[in-house]
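One structure below.
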Amino acid sequence: MRKIKKLVAVLLAATMMLAMGVTAFAADGTSDTKTVSAKYEANVTLYKDAACSSTSMGNKGIDNPAKVVVYTDGTADFTLYTHQFRYIGIKGALSGVTLDGIESTPLGDYDYLVSGLDASKIAEGSVIEGTFTVSVLASHSAKTGYLKINSLTATK
């Protein structure tokens, strides 16, 4: 009888281990997967006017290149990398980004991911209108800005 109890205990432990292994490989809560069409590095400049004649003070905080992933469903993900900067001696940073009406998801301290952009707007020379929040000292100022894609380089 003792041997049967031990055998049952071992079988139950093995079953629990297998069950935990199955959940470890489960998807991250989404059943829809997107197929990547292309990946790019984008050199971008932030302007304060639609004519792209005057750079924004927030442009000092952009790290190039940005990353772009285009999907076969016609959408794109845009990752903008930024850092703290000094403007007239005062430290500031971009603290929020919205592109084409789509709010970004913060990725760490100063990087932002905008998912679901219209992929047709991802082209060399394109300008994407957005709202860029610049934080200087304790104030946050959200302004309309224009992110121009100066160049696109395909990556793997």
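The heavy-atom pair separating P65 from Y81 by the smallest distance is O-CD1, 3.4 Å. The shortest heavy-atom contact between K91 and Q84 is CD-OE1, 3.3 Å. When all heavy atoms of C52 and Y47 are compared, the pair lying nearest together is O-CE2, 3.3 Å. Taking both residues in full, the closest heavy atoms of L152 and A42 are given as CD2-CB, 3.6 Å, listed atom of the first, atom of the second, then distance.
In this structure, T131 contributes its side chain and A142 its backbone to no donor-acceptor pair below 3.5 Å. Between the side chain of Y112 and the backbone N or O of L94 there is at least one donor-acceptor pair closer than 3.5 Å. Under a 3.5 Å cut-off, the side chain of D49 and the backbone N or O of S54 do form a donor-acceptor pair. A donor-acceptor pair under 3.5 Å is absent between the side-chain atoms of D118 and the main chain of T75, judged by distance alone.
Atom CD of E103 has 12 or fewer heavy atoms from other residues, nucleotides or ligands within 6.0 Å. Within 6.0 Å of NZ in K67 there are more than 12 heavy atoms belonging to other residues, nucleotides or ligands.
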Inset, instruction - Quick one: do T35 and Y71 satisfy side-chain contact (heavy atoms from CB on, under 4.5 Å)? Show the steps, please. - result: CA-CA 6 Å; T35 304; Y71 299 99; over 6 Å; no

Legend entry - Residue pair V134, K143: steps toward the side-chain contact (heavy atoms from CB on, under 4.5 Å) verdict: CA-CA 8 Å; V134 176; K143 302 279 186 187; over 6 Å; no

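Here the OG1 atom belonging to T82 is positioned 5.5 Å from the CG atom belonging to D111, to the nearest 0.5 angstrom. Annotation: the span from E129 atom CD to T98 atom OG1 amounts to 11.0 Å, rounded to 0.5 Å. In this structure, CD1 in I149 is found 4.0 Å from CD1 in I128, a value given to the nearest 0.5 Å. From L113, atom CG reaches atom CG of L107 across 5.0 Å, with rounding to the nearest 0.5 Å. We find the OG-CG distance between S95 and D109 to be 12.0 Å, quoted to the nearest 0.5 Å. Atom CD1 in I122 sits 9.5 Å away from atom OH in Y40 (nearest 0.5 Å).
Remark: N64 pairs with no residue by the side chain to side chain donor-acceptor pair (under 3.5 Å) rule, at least two apart or across chains.
Side-chain contact between V44 and F78 is present, with heavy atoms from C-beta onward closer than 4.5 Å. Side-chain contact between D77 and T79 is absent, with no heavy-atom pair separated by less than 4.5 Å.
Under the 4.5 Å side-chain heavy-atom criterion for Ile, Leu, Val, Met, Phe, Trp and Tyr, I102 and V70 are members of the same hydrophobic cluster. In terms of hydrophobic clustering, with Ile, Leu, Val, Met, Phe, Trp and Tyr side chains grouped at heavy-atom distances under 4.5 Å, F132 and M57 are assigned to a common cluster. Y146 and L117 fall into different hydrophobic clusters, where Ile, Leu, Val, Met, Phe, Trp and Tyr are joined by side-chain heavy atoms under 4.5 Å apart, directly or via other members.
At least one test fails for K60 against the ring of F85: distance under 6.0 Å to the centre or angle within 45° of the axis.
Shown are T45, I62, V127; of these, the side chain to side chain contact (heavy atoms under 4.5 Å, CB included) with L147 is made only by I62.
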